[in-house]
Amino acid sequence: MDHTCRRETLLFIFLTISSVATSTSPWPMDGNYGASYCLSWRLGVETNNVRLWRIVPLQCLRYVEVYMLAGQYDRDVQLIVDQIKFYLNEIVLPGDGMDAWILDVDDTCLSNVFYYRLKRYGCDPYDPTGFRTWSMKGECPAIQPVLELFNTLIETGFKVFLVTGRDEETLRQATQENLHNQGYTGYERLIMRTADNKRQSAITYKTRIRKEMMEQGYRIWGNVGDQWSDLQGEYSGDRTFKIPNPMYFVP
């Protein structure tokens, strides 16, 4: 073995021992419950092969934290937005004012990562009361690439509809103010759950909204959401785009 290979081998061994000894590794170093498992689990979530999960696997807490905060999430969202913009360049709008685009709100337009940090990034069960209290504060920051996309859509001539599962009665004012304060202005309509669709699944609720839009004459060119239930069902639009979200699942 030459000196270069020997130095590289010793360096690799040193870094491995140091990582374990100082616990600097962002994931548990125990076989299937390490980074490889959590990466595979997240891939399964994003491809909709892992469904109806209630909580993030506890062994993936640190992995999800690093994914959300250390830059990879931001790069993934930016790549998706870039793909949407490529698609936009192919569209020629008729100019009759009936060209629509749908955006989800939570973890599509606005980020809830600061709330979910307190919930161990989804390792704790969903707390509807706690989430409502958080939403009432109106402190969700904009997801910047999506905000840029939103402004591009408005400038291009699309009517942008924000469709959310948030409750109309209790959260409309806080949601409107949060969106406005983060730069989401000029959208066509903010559509929220009302008493008559409160118990519907997200797929049923959002399909109904899209159906009503198309019955009004709108052409839905695009639909963006962080949950598969934002995009599934009929009348989903010409193209759908999913924003990554490994913190929770909405059926």
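When a residue number appears, it is its place in the shown sequence, counting from 1.
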Contact check, side chains of [X] and [Y], non-hydrogen atoms, under 4.5 Å:
X    : Y    : value
P246 : M68  : yes
L190 : V105 : yes
M192 : L171 : yes
S229 : V250 : yes
T170 : R132 : yes

Quick one: do [X] and [Y] end up in the same hydrophobic cluster if we chain Ile, Leu, Val, Met, Phe, Trp and Tyr together by side-chain heavy atoms under 4.5 Å apart?
X    : Y    : result
I243 : W41  : yes
F114 : Y73  : yes
L231 : I84  : no
L39  : Y67  : yes
M247 : F249 : yes

### Message
Check whether R42 reaches the backbone of P244 with its side chain - one donor and one acceptor, N or O, closer than 3.5 Å.
### Response
no
### Query
Looking at D230 and G225, what are the two nearest heavy atoms and their distance?
OD2-CA, 3.4 Å
### Query
What residue among V77, D107, N151 forms side-chain contact (heavy atoms from CB on, under 4.5 Å) with V146?
V77
Kindly compute the distance separating [atom1] ([X]) from [atom2] ([Y]), expressed to the nearest 0.5 Å.
X    : Y    : atom1 : atom2 : result
I203 : E234 : CD1   : CD    : 12.0 Å
L179 : L110 : CG    : CG    : 5.0 Å
T164 : D106 : OG1   : CG    : 5.0 Å

### Query
What pairs of residues pass the ring-ring contact (aromatic ring centres under 6.0 Å, His included) test when at least one of them lies in residues 182-203, not counting sequence neighbours?
F150-Y184
### Query
Going by side-chain heavy atoms closer than 4.5 Å, which hydrophobic residues are tied to I102, directly or by a chain of links?
M98, F161, V163, I191, Y205, I209, M213, M214, Y218, I220, Y235
### Query
Taking only residues two or more places apart in sequence or in another chain, which ones pass side chain to side chain donor-acceptor pair (under 3.5 Å) with R210?
T207
### Query
Are C60 and C123 within a span of less than 2.5 Å, counting SG to SG?
no
Only pairs under 3.5 Å count here: list side-chain donor-acceptor contacts from residues 133-145, not counting sequence neighbours, and write none if there are none.
from, atom 1, to, atom 2, distance (Å)
T133, OG1, T129, O, 3.0
W134, NE1, N112, OD1, 2.8
S135, OG, F131, O, 2.9

Show which side-chain atoms of residues 49-57 pair as donor or acceptor with protein atoms under 3.5 Å away, not counting sequence neighbours.
from, atom 1, to, atom 2, distance (Å)
N49, ND2, T47, OG1, 2.9
R51, NE, N48, O, 2.8

I'd like to check the salt bridge (charged side-chain N to carboxylate O under 4.0 Å, His left out) partners of [X]; sequence neighbours left out, ordered by chain and number.
X    : answer
E177 : none
D99  : R219
E169 : none

Show me the donor-acceptor pairs within less than 3.5 Å that the side chains of residues 86-93 make with the rest of the protein, sequence neighbours left out.
from, atom 1, to, atom 2, distance (Å)
Y87, OH, W221, O, 2.8
Y87, OH, D238, OD2, 2.8
N89, ND2, K85, O, 3.3

#### Entry: Check: Y126 ring centre within less than 6.0 Å of Y248 ring centre
no
Under the salt bridge (charged side-chain N to carboxylate O under 4.0 Å, His left out) rule, what pairs show up with a residue in [range], not counting sequence neighbours?
range            : result
residues 111-121 : K119-D127, R120-D124
residues 194-203 : D196-R208
residues 240-251 : E46-K242

### Message
Around atom CD of E215, are there more than 12 heavy atoms from other residues, nucleotides or ligands closer than 6.0 Å?
### Response
yes
### Message
Hydrogens and angles aside, do Q78 and D74 bring a side-chain donor and acceptor to less than 3.5 Å of each other?
### Response
no
